[in-house]
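I have placed the structure first, in the form of structure tokens, so that the comments after it can refer back to it.
Counting starts at 1 for both ligands and their atoms, following the listed order. Model, not experiment: these values are computed from the prediction.
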Amino acid sequence: MLPRQNSVYSASHGFQPEEIKEKLSAFPGGSVDLLKQEESGLAVLTINNPSRMNAFSGSMMVELEERVAQLETWTQGKGLIVRGVSGTFCSGSDLNAVRAISNPQDGMKMCMFMQDALTRLLRLPLVSVALVEGRALGGGAELTTACDFRLVTRDSVIQFVHKHMGLVPGWGGAARLVHIVGGRHALRLLGGALKVDPELGLQMGLADGLLEEEEVPDAAGAERDAALRQAEDWLSSYTKGPAQVVQATKRVVVSGRELPLTEALRAEKEVFGTVWGGPANLRALASKTKHK
Ligand SMILES: CC[C@@H](C(=O)O)C(=O)SCCNC(=O)CCNC(=O)[C@H](O)C(C)(C)COP(=O)(O)OP(=O)(O)OC[C@H]1O[C@@H](n2cnc3c(N)ncnc32)[C@H](O)[C@@H]1OP(=O)(O)O
């Protein structure tokens, strides 16, 4: 069974998605926008709540899950860029909503909901990039870890501020961070609530690339479009070719990342069977080209 088909939680954990959605929807504001480019197979997921530094309201958490569900069924999808508007990535949960659901029961429900949504985001059979412009704080820092790669701009800061709030990550960010940078660096970032600038991010392996500012003729809007274009160019190196092959590639990596070896090998065999002798394989064999 490929990991993507296993939700993190079930009813036995008290996980009732519809009930939690209803509760979260009581905290409106902002949006999570999805733009799918059918021709290229690239999509952009935008965290859009500028008056709140792109903090996640309750309704935005619900929208995030809905967008992930849309992407889970996108058979022609190959790549995904996650970004925020107005030069900020995301400042985590909306603190107004957090205050209203600060009781243990509601906190656990929000935690399970966001862990499930972000785990499914990372498991998407698309190559995903967090385009980190400006600040990514708290849950926003956790969101960056729910993408395969992180590209940062010169002004970016990723900070797991949870300790300052008497918390630990609740959206799965700690578990993913250990996988990305290792236990020692994860303990430094969480225990010290370190501000990760591009240099530190590249040094620790949290950042996969630095997007240098491009000379652009006019307003900041064009500058941000330049960052998106650079991110798309970077991503295109990994999304060339048929969607079926790109999706199969991500699936075998997800299996290898999450499953014990024997299960990962069996999952790999399953995926291998979907592309062996497939159209792309037969075309490549027919062309007899030597790959550089
Ligand atoms: C599991 C993790 C999860 C959780 O525990 O549920 C969390 O993520 S908890 C939240 C963690 N995030 C934070 O603590 C960040 C809080 N925000 C800030 O530290 C600062 O706002 C900033 C992001 C560093 C920006 O500072 P600055 O440039 O000085 O702007 P302002 O502070 O004036 O913010 C502008 C405007 O945005 C509102 N804002 C910012 N962040 C949030 C937020 N997380 N929730 C709600 N509102 C937020 C801020 O209140 C300002 O609004 P106005 O006061 O109405 O102008």
Exercise answer, ligand 1 polar atom pairs (N/O) under 3.5 angstrom:
| from | atom 1 | to | atom 2 | distance (Å) |
| --- | --- | --- | --- | --- |
| ligand 1 | 6 (O) | S93 | OG | 2.8 |
| ligand 1 | 8 (O) | S93 | N | 2.9 |
| ligand 1 | 8 (O) | G139 | N | 2.8 |
| ligand 1 | 12 (N) | S91 | O | 2.9 |
| ligand 1 | 28 (O) | R135 | NH2 | 2.9 |
| ligand 1 | 37 (O) | S51 | O | 3.3 |
| ligand 1 | 41 (N) | S91 | OG | 3.1 |
| ligand 1 | 44 (N) | S91 | O | 3.1 |
| ligand 1 | 44 (N) | S91 | OG | 3.4 |
| ligand 1 | 44 (N) | S93 | O | 3.0 |
| ligand 1 | 45 (N) | L95 | N | 2.9 |
| ligand 1 | 52 (O) | R52 | NH1 | 3.1 |
| ligand 1 | 55 (O) | R52 | NH1 | 3.2 |

Problem - No-hydrogen, no-angle side-chain donor-acceptor test under 3.5 Å, S57 and S59 - result: yes

Handout entry: Short side-chain donor-acceptor distance under 3.5 Å, T145 and E142
Key = no

Practice task
Step through the shown structure and confirm whether more than 12 heavy atoms of other residues, nucleotides or ligands are within 6.0 Å of CD on E22.
Solution key: no

Handout entry: Main-chain N/O of A243 paired to K78 side chain as donor or acceptor, under 3.5 Å
Key = no

Could you go through residues 26-33 and list every donor-acceptor pair under 3.5 Å that involves a side-chain atom there, pairing it with any protein atom two or more places apart or in another chain?
| from | atom 1 | to | atom 2 | distance (Å) |
| --- | --- | --- | --- | --- |
| S31 | OG | D33 | OD1 | 2.8 |
| S31 | OG | D33 | OD2 | 3.3 |
| D33 | OD2 | N48 | ND2 | 2.9 |

Exercise for the section: Determine whether the aromatic ring centres of F113 and W171 lie less than 6.0 Å apart. Expected result: no

